[in-house]
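Down below is the structure, laid out as structure tokens.
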2 protein chains.
Amino acid sequence: MSEAGNGRHGNGRHEVTVADVAAAAKVSKATAARALGDYGAVSEAVRDRVQAAAEELGYRPNALARTMSTGRSNTLGIVVGDIENPFFAQATRGASDVANAAGFDLILSNSDEDGDTEAKAIGVQLAKRVDGMLVAPASSVDVENLRTIVAAGRPLVLFDRAAPSLEVDTVIAANRTGARQLTGLLTAAGHRRIAFISTIAHPDGYRLGDVLGSTSVAERVDGFVSALDDAGVPDPARFVHLNARREGVEHLARRLLEDHEAGITAVVASDSLIALAVFRVARALGRNIPGDLSLVAFDDADWTGATTPAITVMAQPIHEIGAEAARLLIQRIGGDGRPPVTRVLDQHLIARESIAPPIDGETRPVAGSRTL
Amino acid sequence: MSEAGNGRHGNGRHEVTVADVAAAAKVSKATAARALGDYGAVSEAVRDRVQAAAEELGYRPNALARTMSTGRSNTLGIVVGDIENPFFAQATRGASDVANAAGFDLILSNSDEDGDTEAKAIGVQLAKRVDGMLVAPASSVDVENLRTIVAAGRPLVLFDRAAPSLEVDTVIAANRTGARQLTGLLTAAGHRRIAFISTIAHPDGYRLGDVLGSTSVAERVDGFVSALDDAGVPDPARFVHLNARREGVEHLARRLLEDHEAGITAVVASDSLIALAVFRVARALGRNIPGDLSLVAFDDADWTGATTPAITVMAQPIHEIGAEAARLLIQRIGGDGRPPVTRVLDQHLIARESIAPPIDGETRPVAGSRTL
DNA sequence: ATGAAAGCGCTAACAT
DNA sequence: ATGTTAGCGCTTTCAT
């Protein structure tokens, strides 16, 4: 390396440091630093002189050096499943707004919902000495990755999903209640054969009592199952379809809708991406929503109000989930020693037009799919 | 600050450093660092011993200290308008994938399309000594913010929008061609009163020759205008509506659609967010698409294929825009001294069902809006 | 192959 | 109010 660590760059210019500014302003390094960093006591005159010199020379503070000596980076790490997922984009924005307002920056990583990728991301952020981390854990069960954060002595706040075996601040939504209510709409309309679809990874078929990788999906499944129980549907677990990412959401949806034995008359989509896929497939198959198939989903994605029919959804305060998580984290970083809290934010129903009574009620199976 | 800079954290544990590892492995700091950092020459035996000690003690490298001495952070800064905007989320993901593959991390900031916010974001990232920056500039005209990056000696790559007065690598899409083609579809169908809507800030009404803050919007406007010219529409500039953010997209759309003097029969939406707003308003007003109003847009947002009717769009290779920008930046960081390039990526048309002939052709104005 | 020592840019005691 | 000095954790000559 030819120009490493010598404060030079490709253009050969010298990076101007406090020492340079100090020299130009004819004061000591310490005084210059005080004037620049706005701490300690400096006389008006000197402050002005130093700042003028800094301006003149084009001084830019080196945040890394500062972190080295103060031990604080004023940076938060955030690990999300995939920033392209509107849920995470919104939550990240919420966190970002709160962080910025409090003088913190954000380092972002995608875990792709994969444990190893998540581990790497966490390693990087820890190495960069973030003051604390916000993570939507890839797994609520295997918390090794999360433990390394705690072990490194960094405050950690979980969002969207909890990790029951870990005592840390957590911000989630009331998924069980929401799922129950959402599913209840369907059973009230007369549906009995309702599919729940999630992309979460899960070996084999779902069976009651299975521990899921994400508490939020687990809660949703719980609420779903209990709503079916309430409606007297036998063996509700058979209607829970996980692993949709591996198979491909559209593929799974197609398989489900074309399975006349199963005779699915309604779908609960665990997020807006799934809802969109189901919507597409239904249309491609000539299934009329809600006439032939009712559809409800989590998350009030912007487009859900624009389709025909508009989709009934359980909205989550996504922005606030990120924001509140950031608030808790910043409190901790500030030295708050209160016991860990779990904030459960309410979801709320937005009733639209995607529910209708099942076409044949309980009397399925029935003839093949029909067109409009 | 009680525990600053002393390598301690809230839990009182000592951060383990190379010195600790060296002591444990009974070698010098230099040797330990060589073994750990995988550089220089170390004997097998010593390497193993050091790595074992590191493992044992739970050593975590301090990336900041490393950057301090090497001058490289292996970190890229990226500044986008708003990460919640699917365009930026996708581009960011593209950049992130390329960056990660090359061993770089990403620091993300939102500019909110505001110059001052952008300046702050850039300041922060420069302070953190990113190795280079990716930015979708809030302004293509006022390039002061961008110049500070260049002045700081950091490689810079622009994406989505160019800055003609600056000689830097740039990745954009062929917006003029795309807009021309998209608008041409409308004129070919017989439309003459076509509104172009963008959220870009612009003082007063648009007039031919005005310089716009974003080259991508400027190119789109150019293509739009030239398509109208080709169709023999007089004074096409009057159909260009900017500033939609300030007024509110839905509000503007409503105003436009209700203006019977103007008699707009089609809309070109400059991005998918605008398209969605127009779609909503049209529906609220009882305007049938495409019967009463044709609609086309930029960006193949996932939902545009799911509405009724599905929307005809000009798709951009968004992921690739981010990815290519990151590639160029990493080349630069690697010391590539080639002259700056501008990569113009092709857009491609996805024809769907949102275009129909205008209901009255040129004979507008006509009676009030009607319901379906 | 290994070690000793200097230095990256900054802040934080501790003087004065 | 200002200056001196040491040190954050790492890499990098330069010796040996």
Side-chain angles (χ1 to χ4, degrees), chain A residues 1-9 14-23 25-50 54 57-74 126-129 131 152, chain B residues 1-9 14-23 25-50 54 57-74 126-129 131 152:
Chain A
M1 189 172 321
S2 64
E3 47 187 58
N6 57 4
R8 290 175 188 291
H9 274 281
H14 182 250
E15 290 245 12
V16 7
T17 71
V18 279
D20 299 322
V21 176
K26 302 193 190 310
V27 295
S28 73
K29 243 174 54 176
T31 302
R34 284 191 268 255
L36 261 13
D38 224 44
Y39 63 94
V42 195
S43 69
E44 280 293 316
V46 170
R47 157 157 309 154
D48 292 351
R49 191 144 45 90
V50 170
L57 298 179
Y59 169 75
R60 303 204 142 272
N62 183 329
L64 273 39
R66 170 174 302 188
T67 298
M68 287 289 294
S69 53
T70 61
R72 294 208 35 181
S73 60
N74 284 305
L126 253 20
K128 289 207 154 57
R129 294 304 188 256
D131 289 334
Chain B
M1 189 171 325
S2 64
E3 47 187 58
N6 58 2
R8 288 176 189 291
H9 274 282
H14 182 251
E15 291 245 12
V16 8
T17 71
V18 277
D20 300 321
V21 176
K26 301 192 190 311
V27 296
S28 72
K29 244 173 56 176
T31 303
R34 284 191 266 254
L36 261 13
D38 225 44
Y39 61 92
V42 195
S43 69
E44 278 294 316
V46 170
R47 157 157 309 156
D48 292 350
R49 192 144 44 91
V50 170
L57 298 178
Y59 169 75
R60 303 202 141 272
N62 183 329
L64 273 39
R66 170 173 303 187
T67 299
M68 286 288 295
S69 53
T70 62
R72 291 208 39 180
S73 60
N74 285 303
L126 252 20
K128 288 206 153 58
R129 294 305 187 258
D131 289 335

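Residue numbering restarts at 1 for every chain, and letters A, B, ... go by the order of the sequence lines.
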Exercise for the section: Taking only the side-chain nitrogens and oxygens of B/T31, find out if one of them lies under 4.0 Å from OP1 or OP2 of C/dG3. Expected result: yes
Exercise for the section: Indicate whether OP1 or OP2 belonging to C/dC8 is found under 4.0 Å from a side-chain N or O atom of B/S69. Expected result: no
Side-chain atoms of residues 33-44 of chain B: list all donor-acceptor pairs with protein atoms under 3.5 Å, sequence neighbours left out, distances to 0.1 Å.
unit_1 : atom_1 : unit_2 : atom_2 : d
B/S43  : OG     : B/V46  : N      : 3.3

Problem - A/N62: partners by side-chain hydrogen bond (donor to acceptor under 3.5 Å, both in side chains), with sequence neighbours left out - result: none
Practice task
Return the set of residues passing side-chain contact (heavy atoms from CB on, under 4.5 Å) with A/A63 (not counting sequence neighbours), or none when no residue passes.
Solution key: B/A127, B/K128
Exercise for the section: Using the test side-chain contact (heavy atoms from CB on, under 4.5 Å), find all partners of A/A19 that sit at least two apart in sequence or belong to another chain. Expected result: A/T17, A/K29
What are the two closest heavy atoms between [X] and [Y], and how far apart are they?
{"X": "B/R129", "Y": "A/R60", "result": "NH2-O, 3.3 Å"}
{"X": "A/T67", "Y": "A/R72", "result": "OG1-O, 3.1 Å"}
{"X": "B/A32", "Y": "B/A22", "result": "CB-CB, 3.6 Å"}
{"X": "B/V21", "Y": "B/V16", "result": "CG2-CG2, 4.1 Å"}
{"X": "A/L126", "Y": "A/A152", "result": "CG-CB, 4.0 Å"}

[X] has an atom [atom1]; how far is it from atom [atom2] of [N], in whole Å?
{"X": "A/R72", "N": "D/dG9", "atom1": "CZ", "atom2": "P", "result": "17 Å"}
{"X": "A/N62", "N": "C/dG9", "atom1": "CG", "atom2": "P", "result": "7 Å"}
{"X": "B/N74", "N": "D/dT11", "atom1": "CG", "atom2": "P", "result": "12 Å"}
{"X": "B/M68", "N": "D/dG7", "atom1": "CE", "atom2": "C1'", "result": "11 Å"}
{"X": "A/D20", "N": "C/dC8", "atom1": "CG", "atom2": "C1'", "result": "13 Å"}
{"X": "A/K26", "N": "D/dG3", "atom1": "NZ", "atom2": "P", "result": "12 Å"}
{"X": "A/L126", "N": "D/dG9", "atom1": "CG", "atom2": "P", "result": "15 Å"}
{"X": "B/E15", "N": "D/dG9", "atom1": "CD", "atom2": "C1'", "result": "10 Å"}

Completion exercise
Of C/dG9, D/dC10, C/dG3, the nucleotide closest to the side chain of B/A30 is C/dG3
Completion exercise
Side-chain contact check for A/K29: nearest option of D/dA6, C/dG3, D/dT11 is D/dA6
Practice task
Please identify each residue that fulfils salt bridge (Lys or Arg N to Asp or Glu O under 4.0 Å) with A/D20, with sequence neighbours left out.
Solution key: none
Completion exercise
Bend of the helix from C/dA1-D/dT16 to C/dT16-D/dA1 from end-axis comparison, five pairs per end, nearest 10°, comes to 40°
Exercise for the section: Could you check B/A19 against A/V27 and say which one's nearest nucleotide on DNA chain D is further toward the 5' end? Expected result: A/V27
Practice task
Strictly below 4.0 Å, heavy-atom distances to any atom of DNA chain D: list the hits from residues 36-48 of chain B, or just say none.
Solution key: B/Y39
Problem - Side-chain donor/acceptor of A/R34 to base of D/dG3, under 3.5 Å - result: yes
Practice task
State whether the distance check finds a donor on one side and an acceptor on the other, under 3.5 Å, for side chain A/R129 versus base D/dG9.
Solution key: no
